[in-house]
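Below: one structure, written as structure tokens.
The chains referred to below are lettered A, B, ... by the order of the sequence lines, with proteins before strands, and numbering in each begins at 1.
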There are 2 protein chains.
Amino acid sequence: MAAKTTRRQIVDAADDLFYSGGFSQTSFADIAAAVKISRGNFYYHFKSKDEILDAVIGKRLDDREKLLASWDQTAESPASRIECFIKIVIVNQAKIMAYGCPVGTLTAELTKLDHASKEKANKIMALFRDWLTRQFEELGCVDFADEHALHVLSWSQGVATLAQTFKDETFVQREVRQIVSWLNDIDQDTL
Amino acid sequence: MAAKTTRRQIVDAADDLFYSGGFSQTSFADIAAAVKISRGNFYYHFKSKDEILDAVIGKRLDDREKLLASWDQTAESPASRIECFIKIVIVNQAKIMAYGCPVGTLTAELTKLDHASKEKANKIMALFRDWLTRQFEELGCVDFADEHALHVLSWSQGVATLAQTFKDETFVQREVRQIVSWLNDIDQDTL
DNA sequence: TCACAATTAGGACAATTGCCCTAATTCGTC
DNA sequence: GACGAATTAGGGCAATTGTCCTAATTGTGA
């Protein structure tokens with residue numbers, strides 16, 4: 001029990017620190033200090049920093065899967081589910097303005113580092129892509145489902161990046177309004 | 001002469017390395033090795049790593065200003081100038097797929113580091129924003145010029161991020177086609 | 001209560017970091 | 001050619017990095 005809890009504490013703390021400060025800039029000492037354990041104890045649970053990163057990516061994958069699954073259950077129409085995705089940028093506005101998109105910034109960093117776990121990090125993005133594609137398929141636009149999915153995903157990354165740069169709340173809201181209107185047009189057309 | 005050349009060599013090498021590997025991950029030794037000079041010589045030209053970053057950002061600002069100025073001269077209509085901007089993602093496709101957008105990834109990294117030069121890095125983004133705003137104003141849509149500018153800028157960041165993640169050439173080309181079509185619609189409306 | 005495994009603590013390591021110093025070399029100018 | 005300034009080389013610094021080690025402390029089951 002204690003072990004599992006400690007391990008989970010480490011992963012959670014690393015998740016936050018990797019998000020707010022970046023992976024390579026976060027040190028063993030930083031995580032250990034956040035969890036308030038010794039480095040020795042730390043190394044008992046994870047043999048290397050890369051192993052922690054792997055666990056963090058795994059956790060993020062799980063978290064997003066659960067989030068998408070909850071939307072699958074609560075939201076009735078595929079359009080409203082896509083809208084849930086779109087509005088993450090509003091729900092998480094404060095954090096996005098401070099640290100950007102947790103998925104986009106991590107994949108970008110790991111790609112630059114040419115890190116071994118970059119492919120795994122890309123899976124989070126692919127998870128969103130596949131889920132969005134499914135929603136657009138259910139919406140009726142089978143031929144363009146993947147294109148639309150990439151379009152929405154790309155949109156979210158752009159909004160996140162500019163939100164982080166300019167910290168303009170009205171920009172985010174306006175962009176959300178526009179893409180939702182675009183989504184409704186598609187929904188209309190496929191009736 | 002030799003001094004100026006050496007200094008320029010350092011800045012150029014740092015520019016490349018900061019782009020391909022990130023700022024914090026690039027060390028003094030990396031840059032010195034790229035330029036093939038001793039660390040002592042290195043330190044003669046720059047007192048600290050932050051000073052190099054400052055010079056690199058300054059150089060990037062200059063480069064972009066020149067690029068925009070060249071478009072101002074060569075392209076005849078504001079619409080075709082905006083199209084020049086849009087098509088950077090195609091012109092620089094290979095590098096973008098490997099390292100993302102040089103502007104977006106740097107601002108994201110410096111924001112996470114809470115680095116003193118983050119505001120200066122944001123100026124590069126603001127430079128594009130202001131230039132795009134001017135183009136949309138000349139296009140006739142005075143009231144929505146800044147909104148459109150942010151929209152195009154946001155679009156470019158999203159495309160760059162996803163291009164880096166999925167390395168999908170057709171995605172980039174499709175997105176360019178779509179935004180150009182959107183641009184033409186605006187151009188049409190304001191006649 | 002005892003033995004044994006799981007967990008934690010903390011010291012130590014080689015390597016790397018950004019940074020600083022002094023001595024040598026090159027350069028332009030008289 | 002000689003002189004002073006500009007430039008370069010390279011050693012060395014303290015601090016931090018990720019990693020590893022051993023000893024102490026827990027908890028658990030017999």
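When the P atom of D:dT19 is taken as reference, atom CD1 of A:I31 falls 11 Å away, rounded to whole Å. Rounded to whole angstrom, the span from the CZ atom of A:F28 across to the C1' atom of C:dT17 amounts to 18 Å. The CG atom of B:D30 sits 6 Å away from the P atom of C:dT17 (whole-angstrom rounding). When rounded to the nearest whole Å, the span between CZ of A:F46 and C1' of D:dT19 equals 16 Å. Atom CG in A:D50 sits about 12 Å away from atom C1' in D:dT19, given to the nearest Å. In this structure, B:R8 places its CZ atom 16 Å from P of D:dT7, rounding to the nearest Å. Atom CD of A:E51 and atom C1' of D:dT19 are 12 Å apart (whole Å). A straight line from CZ of B:R39 to C1' of C:dC19 spans 10 Å, rounded to a whole angstrom.
Looking at heavy-atom distances under 4.0 Å, A:S24 makes no contact with the nucleic acid at all.
Here A:Y44 does not reach the OP1 or OP2 of C:dT8: none of its side-chain N or O atoms lies under 4.0 Å away. Side-chain nitrogen and oxygen atoms of B:N41 include none within less than 4.0 Å of the OP1 or OP2 phosphate oxygen of D:dT7. Between D:dT8 and B:S38, no contact under 4.0 Å exists linking OP1 or OP2 to a side-chain N or O. For D:dT8, the OP1/OP2 oxygens have a side-chain nitrogen or oxygen of B:T6 closer than 4.0 Å. Residue B:H45 places no side-chain N or O under 4.0 Å from the OP1 or OP2 atom of D:dA6.
Using a 4.0 Å cut-off between charged side-chain N and carboxylate O, A:K87 and A:E83 make a salt bridge. Salt bridge status for A:R81 with A:E76: absent, with no side-chain N to carboxylate O gap under 4.0 Å.
Of the possible polar contacts, one joining the B:E109 side chain to the B:S24 backbone as a donor-acceptor pair under 3.5 Å is found.
Heavy atoms from other residues, nucleotides or ligands lying under 6.0 Å from NZ of A:K123 number 12 at most.
Comparing A:Q25 and A:G40 by the nucleotide of DNA chain D whose heavy atom lies nearest to each, the residue mapping closer to the 5' end is A:Q25.
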Decide yes or no on side chain to side chain contact (heavy atoms under 4.5 Å, CB included) for A:W131 and A:D72, but give the supporting numbers first. CA-CA 10 Å; A:W131 182 85; A:D72 279 334; 3.2 Å; yes
